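For the single chain, residues carry numbers from 1 onward in sequence order. Please read these numbers as outputs of a predicted model, since none were measured by experiment.
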Amino acid sequence: MLLHWLALTDCEEIVMQTQSTQVPIYKQFRTTKPVRNWCITQPLAEESYWTLERCMEEASHFPTREQWEKESPVSYGKAIKRGWLTKCTKHIKGFQRKPAVPAKWTLVRCIEVGRQCQKRTEFKKRFHYAYERARLKGWLELCCAHMN
């Protein structure tokens with residue numbers, strides 16, 4: 001078996017030939033998987049400028065979410081994408097998550113809404129929280145006294 005040693009000029013010619021057979025740069029963007037031959041050493045994902053601390057600092061300049069979204073859409077978008085929105089908007093007073101049960105159900109209120117219904121099933125469907133509160137507190141018989 002013979003080994004063939006290529007001179008440096010021969011290697012350069014081979015490289016030039018292989019580069020000429022590559023897809024032109026304007027056609028690379030038409031493919032679904034672009035060829036990354038422009039810089040192999042470049043990392044695929046760089047560290048972003050918008051860290052959690054920077055997003056929190058940027059959000060602290062705005063009194064509302066809407067204003068933050070309008071005036072700094074990039075940081076707002078990064079906060080949403082990375083799940084930091086609630087952490088970044090803790091300083092905003094007007095935006096608090098509403099509780100699942102908006103009203104305090106007392107015996108009087110449960111009786112009032114119970115009177116609007118003809119049957120227990122209707123009461124349970126229309127006013128689920130009031131029904132459950134009355135059931136747990138033992139008020140269900142009082143709330144449903146008028147029902148058949």
Side-chain angles (χ1 to χ4, degrees), residues 6 8 11-148:
L6 298 173
L8 185 59
C11 289
E12 289 174 354
E13 286 178 24
I14 292 172
V15 168
M16 293 300 286
Q17 288 173 359
T18 57
Q19 285 181 348
S20 65
T21 60
Q22 290 179 346
V23 180
I25 190 76
Y26 67 91
K27 287 188 178 178
Q28 289 179 7
F29 295 109
R30 293 183 186 168
T31 62
T32 56
K33 294 181 182 177
V35 179
R36 255 186 105 234
N37 61 0
W38 53 272
C39 186
I40 300 299
T41 60
Q42 181 82 13
L44 287 175
E46 295 180 13
E47 285 295 318
S48 176
Y49 174 80
W50 292 107
T51 61
L52 175 60
E53 292 78 22
R54 284 186 176 151
C55 283
M56 289 176 78
E57 181 184 345
E58 184 72 14
S60 67
H61 300 301
F62 304 105
T64 63
R65 278 188 180 188
E66 291 80 19
Q67 189 177 1
W68 180 29
E69 183 181 10
K70 286 178 185 174
E71 296 184 22
S72 183
V74 176
S75 64
Y76 184 82
K78 291 290 181 182
I80 289 176
K81 186 177 180 180
R82 295 179 179 162
W84 301 335
L85 195 60
T86 53
K87 291 179 184 176
C88 293
T89 55
K90 283 184 180 178
H91 69 282
I92 297 176
K93 300 280 188 223
F95 188 83
Q96 298 294 330
R97 193 172 281 215
K98 293 181 180 176
V101 182
K104 297 200 180 222
W105 292 104
T106 61
L107 175 61
V108 176
R109 290 198 67 222
C110 287
I111 291 173
E112 286 175 7
V113 295
R115 286 186 182 157
Q116 297 175 15
C117 304
Q118 299 298 319
K119 297 183 178 180
R120 285 184 186 229
T121 55
E122 182 186 357
F123 182 34
K124 186 176 181 179
K125 285 181 184 177
R126 286 181 60 197
F127 304 103
H128 178 73
Y129 289 113
Y131 180 87
E132 287 300 313
R133 183 73 171 178
R135 186 182 65 80
L136 292 172
K137 291 284 189 177
W139 305 334
L140 199 55
E141 291 303 319
L142 294 171
C143 297
C144 300
H146 70 284
M147 297 179 190
N148 303 357

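Taking both residues in full, the closest heavy atoms of Ala59 and Cys88 are given as CB-O, 3.4 Å, listed atom of the first, atom of the second, then distance. Of all heavy-atom pairs between Tyr131 and Leu140, the closest is CE1-CD1, 3.5 Å. Here the closest non-hydrogen pair linking Cys143 and Phe123 is CB-CE2, 4.1 Å. Nearest heavy atoms, Trp139 versus Trp105: CZ3-O, 3.8 Å.
Under the rule for a side-chain contact (heavy atoms from CB on, under 4.5 Å), the partners of Arg54 that lie at least two apart in sequence or sit in another chain are Tyr49, Trp50, Thr51. The side-chain contact (heavy atoms from CB on, under 4.5 Å) test applied to Glu132 returns Lys124, His128, Arg135, not counting sequence neighbours. Considering only residues two or more places apart in sequence or on other chains, Thr121 meets the side-chain contact (heavy atoms from CB on, under 4.5 Å) condition with Lys119. Residues satisfying the side-chain contact (heavy atoms from CB on, under 4.5 Å) criterion with Gln118, sequence neighbours excluded, are Glu122. Residues passing the salt bridge (charged side-chain N to carboxylate O under 4.0 Å, His left out) test with Arg120 are Glu141, sequence neighbours excluded. Take Glu71 and apply the side chain to side chain donor-acceptor pair (under 3.5 Å) test, not counting sequence neighbours, and it matches Gln67.
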Distance-only donor-acceptor pairs under 3.5 Å for side chains of residues 72-80, two or more places apart:
{"from": "Ser72", "atom 1": "OG", "to": "Glu58", "atom 2": "OE2", "distance (Å)": "3.2"}
{"from": "Ser72", "atom 1": "OG", "to": "Ser75", "atom 2": "OG", "distance (Å)": "2.6"}
{"from": "Ser75", "atom 1": "OG", "to": "Trp68", "atom 2": "NE1", "distance (Å)": "3.0"}
{"from": "Ser75", "atom 1": "OG", "to": "Ser72", "atom 2": "O", "distance (Å)": "3.1"}

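The CZ atom of Arg109 lies 9.5 Å from the CZ atom of Phe127; values are rounded to the nearest 0.5 Å. Here the CD-CG distance, from Glu112 to Leu107, works out to 10.0 Å after rounding to the nearest 0.5 Å.
Between the side chain of His91 and the backbone N or O of Phe62 there is at least one donor-acceptor pair closer than 3.5 Å.
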For Arg82 and Leu52, what are the C-alpha separation, side-chain angles and deciding distance, and is it a side chain to side chain contact (heavy atoms under 4.5 Å, CB included)? CA-CA 9 Å; Arg82 295 179 179 162; Leu52 175 60; over 6 Å; no

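A side chain to side chain contact (heavy atoms under 4.5 Å, CB included) with Cys117 is found for exactly one of Arg126, His146, Lys125, namely Arg126.
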